[in-house]
Amino acid sequence: MGRESESKQIFSPALSWISGLHTDSCDGSLASLLPATSFQSSSHFLDSRAAYFAKLNKRDGGGGWSPESTDRSPWLQVDLQDRMEVTAVATQGRHGSTDWVSAYMLLYSDTGRVWKQYMLEDNVGRIMGNANPDSVVQHKLSQSIRTRFLRFVPLEWSPSGRVGLRVAVYGCAYRSYVADFDGRSSLLYRFNQKSMSTVKDVISLRFKSRQTEGVLLHGEGQRGDYITLELHRGRLALHLNLDDSRVRSSSARMVVTLGSLLDDLHWHSVLIERFNKQVNFTLDRHTQHFRTKGDGDSLEVDYELSFGGIPLPGKPGTFIRRNFHGCMENLYYNGVNVIDLAKRRKPQIYSGNVTFSCSEPQLVAATFQSSSSSFLSLPAPAPILEGLSVRLQFRTWNPDGLLLSSPLISGQEPRYLILQISSGRLHLTHQTSALKMSEVSAGQRVNDGLWHSVSVSARGLQIIMTLDSEPASTIQLKSYLEPKDKHYFGGCPASQNDSSCLNPTMAFQGCVRLILVNNQPVDLLSVQQGHLGSYNQLQFDLCGIRDRCDFLH
């Protein structure tokens with residue numbers, strides 16, 4: 001107990017730094033001098049420049065922002081022009097009106113796409129706003145966020161008026177050293193001497209991953225010492241051993257894991273602090289304290305540390321484990337800014353295929369929020385020769401939920417093609433009557449929170465289902481399958497008066513992306529804007545399922 005307390009005290013300044021807390025002031029106004037182009041909204045009521053007049057204490061231009069009354073998903077967005085450290089926001093209602101926002105949700109993004117929701121300490125995403133049009137209500141963020149774009153999403157507003165909003169953003173500049181790893185690249189930090197032996201180490205970095213697997217850092221020594229930090233099935237694993245060449249069996253090795261869903265295309269902060277055998281391992285806001293195995297107190301690493309992969313000795317470009325695919329930022333090893341050295345082409349750094357800006361995939365996801373009432377209805381596009389083709393990716397924690405309900409053209413009794421998760425397995429059912437059906441299943445525990453790809457296609461007298469890289473499953477038909485004019489994803493509308501949608505299970509609760517119907521990609525942002533299909537209880541351009549391994553939530 002004394003050793004752990006001592007360790008916490010030794011490393012507390014570093015913990016404060018990695019969590020984004022500042023000893024210097026970081027509360028300057030970030031939005032007051034922004035140009036009109038930095039303010040955007042889902043729609044606007046009256047003045048066409050209303051979003052620009054949404055700055056705090058503005059009285060002209062309509063006195064603030066209000067959306068159109070027909071806007072189902074209103075939002076006001078601020079582009080800070082560059083990534084900033086945001087520590088607080090403030091809101092006001094619309095001047096000279098009865099319009100204000102009494103509760104809102106705050107989203108943030110590096111690119112204006114792929115949003116993440118800011119959560120309060122108690123895992124609540126609802127921020128309390130205003131009770132009148134002119135009082136200023138400031139919300140200090142429990143943990144600062146580094147972002148370029150902020151989006152204010154009204155949840156509740158004035159009972160005697162409409163949505164009305166003026167906003168302010170507070171914080172300071174954020175300095176970032178970024179490296180992009182393409183899944184084949186790595187950085188090697190070579191020591192000046194043959195080996196590096198340390199009794200104290202501090203390693204810090206931030207990462208944004210596109211994959212569930214990948215090595216972030218690795219070092220090893222001749223005596224059996226090693227340190228490896230890697231993503232495995234979307235979780236972060238730290239492997240560490242000090243001076244024990246006898247530790248060879250997998251059961252004897254020290255592995256500590258943190259987090260889940262870490263392939264969410266958002267930044268995560270990592271801090272590893274070691275003093276002798278005592279280690280603090282921090283991911284975002286959660287820290288594990290543990291003691292290493294082994295006989296020694298020092299970590300001896302030969303020649304180099306690798307970041308982004310574990311290269312095979314003597315074979316450049318060949319790696320033992322899967323390389324990291326994504327971005328790293330502000331990577332420090334015992335005070336050395338590794339990315340800065342690589343960017344300046346210093347001789348102690350070997351940079352293999354690494355670039356120094358973060359490429360951003362534009363993957364639009366939708367979150368199905370409710371296990372009872374979420375649904376997405378889409379019109380069927382032009383038919384294809386095979387009859388029907390649907391592809392999508394999904395992730396969920398729930399063992400049951402409807403993914404697709406497609407009504408079929410039939411004679412007397414309704415017929416359906418149903419794709420659902422049941423007890424953690426994926427089931428495809430061709431239902432020809434209340435009592436007759438054909439079914440195939442695939443997968444085990446597809447509710448593990450990871451992204452899964454599924455495709456369903458009708459080709460001639462066969463329906464073929466494929467899950468991830470598993471062998472295809474087939475249903476034989478007696479006649480050609482003819483879909484009707486709509487497909488239902490996630491659930492059925494509550495007001496359904498006919499038999500066009502059937503859901504034998506719960507509504508799907510989780511995230512969906514990359515929907516293709518008859519080989520035509522579905523534009524989910526067009527759905528959000530009301531130009532395509534209909535929906536209920538959906539959030540767009542973010543995946544809102546939570547990390548089940550964050551014990552602070």
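Heads up: numbering here begins at 1 and tracks the sequence. Everything numeric here is computed off the predicted structure, so don't read it as measured data.
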Considering non-hydrogen atoms only, spot the tightest contact between [X] and [Y] and give its length.
X    : Y    : value
V256 : F281 : O-CE2, 3.5 Å
V178 : I339 : O-CG2, 3.7 Å
N503 : G491 : ND2-CA, 4.1 Å
G129 : T91  : CA-OG1, 4.1 Å
G352 : S185 : O-CB, 2.8 Å
I545 : C511 : CG2-SG, 3.9 Å

Within the side chain of [X], is there an N or O that forms a donor-acceptor pair under 3.5 Å with the backbone of [Y]?
X    : Y    : value
R162 : P67  : yes
H232 : G214 : no
S109 : R113 : yes
D468 : S453 : yes
S441 : L426 : no
D79  : S38  : no
S102 : E156 : yes
T396 : Q509 : yes
N398 : G401 : no
T429 : Q431 : no

| field | No-hydrogen, no-angle side-chain donor-acceptor test under 3.5 Å, H218 and E220 | value |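 Yes.
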
| request: Consider only side-chain N and O atoms of H430 and R415, and report whether a donor and an acceptor are under 3.5 Å apart. | output: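 Yes, because at least one side-chain N or O of H430 sits under 3.5 Å from a partner of the opposite role on R415.
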
| request: Quick one: which residue pairs count as a salt bridge (charged side-chain N to carboxylate O under 4.0 Å, His left out) with a foot in residues 358-367, not counting sequence neighbours? | output: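 Only K208-E360 qualify under salt bridge (charged side-chain N to carboxylate O under 4.0 Å, His left out).
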
| request: Return each pair, listed once, that meets salt bridge (charged side-chain N to carboxylate O under 4.0 Å, His left out) where at least one residue sits in residues 438-448; pairs must be two or more places apart or across chains. | output: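 For residues 438-448, and leaving out neighbouring residues, the salt bridge (charged side-chain N to carboxylate O under 4.0 Å, His left out) pairs sorted by first residue read R233-D448.
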
| task | Report the C-alpha separation of H325 and F181 in whole Å, then their side-chain angles, then the decisive distance to 0.1 Å, and conclude whether the side-chain contact (heavy atoms from CB on, under 4.5 Å) test is met. | result | CA-CA 5 Å; H325 190 186; F181 297 78; over 6 Å; no

| request: Take D263 and Q211, measure what side-chain hydrogen bond (donor to acceptor under 3.5 Å, both in side chains) needs, and give me the verdict at the end. | output: CA-CA 5 Å; D263 59 329; Q211 304 289 344; over 6 Å; no

| What orientation do F508 and F368 show, parallel under 30°, tilted 30 to 60°, or perpendicular over 60°? |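 Judged by the thresholds at 30° and 60°, the geometry between F508 and F368 is perpendicular.
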
Supply the atom-to-atom distance [X] [atom1] to [Y] [atom2], rounded to the nearest 0.5 angstrom.
X    : Y    : atom1 : atom2 : value
Q40  : S42  : CD    : OG    : 11.0 Å
L467 : H452 : CG    : NE2   : 7.0 Å
E230 : T228 : CD    : OG1   : 6.5 Å
L283 : L238 : CG    : CG    : 11.5 Å
L155 : M105 : CG    : CE    : 5.5 Å
L419 : L428 : CG    : CG    : 6.0 Å

| Within 6.0 Å of CZ in R391, more than 12 heavy atoms from elsewhere |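 Atom CZ in R391 is not packed in, count stays at 12 or less.
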
| task | Count the heavy atoms of every other residue, nucleotide or ligand shown that sit under 6.0 Å from NZ of K484, and state whether that count exceeds 12. | result |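 For K484, atom NZ is crowded (more than 12 foreign heavy atoms under 6.0 Å).
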
| request: Apply side-chain contact (heavy atoms from CB on, under 4.5 Å) to M465 and V454, showing your working. | output: CA-CA 7 Å; M465 176 179 72; V454 59; 4.2 Å; yes

Taking the side chain as every heavy atom from C-beta outward, state whether [X] and [Y] have any pair of such atoms under 4.5 Å apart.
X    : Y    : answer
V270 : T282 : no
Y108 : V86  : no
F324 : S209 : yes
L404 : V390 : yes
I421 : D400 : no
V446 : F394 : yes
D82  : R148 : no
C501 : Y488 : yes

| task | Check the pair V153, Y104 against side-chain contact (heavy atoms from CB on, under 4.5 Å), reporting the backbone distance first and the verdict last. | result | CA-CA 5 Å; V153 181; Y104 62 95; 5.9 Å; no

If you look only at distance, which donor and acceptor atoms sit under 3.5 Å apart when one is on a side chain in residues 469-476 and the other is two or more places apart or in another chain?
| unit_1 | atom_1 | unit_2 | atom_2 | d |
| --- | --- | --- | --- | --- |
| E470 | OE1 | G443 | N | 3.3 |
| E470 | OE2 | G443 | N | 3.4 |

| Can S269 and R206 be said to form a side-chain hydrogen bond (donor to acceptor under 3.5 Å, both in side chains), step by step? | CA-CA 4 Å; S269 298; R206 302 181 81 225; 3.2 Å; yes

| message | Suppose we call two aromatic rings close when their centres sit under 6.0 Å apart. Are H139 and Y118 close by that rule? | response |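 H139 vs Y118: aromatic centres under 6.0 Å.
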
| request: Assess whether side-chain contact (heavy atoms from CB on, under 4.5 Å) is satisfied between D180 and F356, documenting all intermediate values. | output: CA-CA 6 Å; D180 191 300; F356 299 103; over 6 Å; no

Enumerate donor-acceptor pairs with a distance under 3.5 Å from any side-chain N or O in residues 535-542 to protein atoms, sequence neighbours excluded.
| unit_1 | atom_1 | unit_2 | atom_2 | d |
| --- | --- | --- | --- | --- |
| Y535 | OH | S73 | OG | 3.0 |
| N536 | ND2 | S373 | O | 2.8 |
| D541 | OD1 | V114 | N | 3.2 |

| field | R83: salt bridge (Lys or Arg N to Asp or Glu O under 4.0 Å) partners, not counting sequence neighbours | value |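 R83 satisfies salt bridge (Lys or Arg N to Asp or Glu O under 4.0 Å) with D110, E329 only.
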
| said: So, using salt bridge (Lys or Arg N to Asp or Glu O under 4.0 Å) as the criterion, who are the partners of D523 when residues are at least two apart? | reply: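 If we apply the salt bridge (Lys or Arg N to Asp or Glu O under 4.0 Å) test to D523, skipping adjacent residues, there are no hits.
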
| Cation-pi between R513 and W451: NZ/CZ under 6.0 Å from ring centre and within 45° of the ring axis? |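 The answer is yes; both the distance and angle limits are met.
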
| request: Would you please test D71 and S43 for side-chain hydrogen bond (donor to acceptor under 3.5 Å, both in side chains) and show each step? | output: CA-CA 7 Å; D71 191 344; S43 65; 2.7 Å; yes

| field | Audit row: R210, S359, side-chain hydrogen bond (donor to acceptor under 3.5 Å, both in side chains) steps and yes/no | value | CA-CA 11 Å; R210 299 189 197 177; S359 58; 2.4 Å; yes

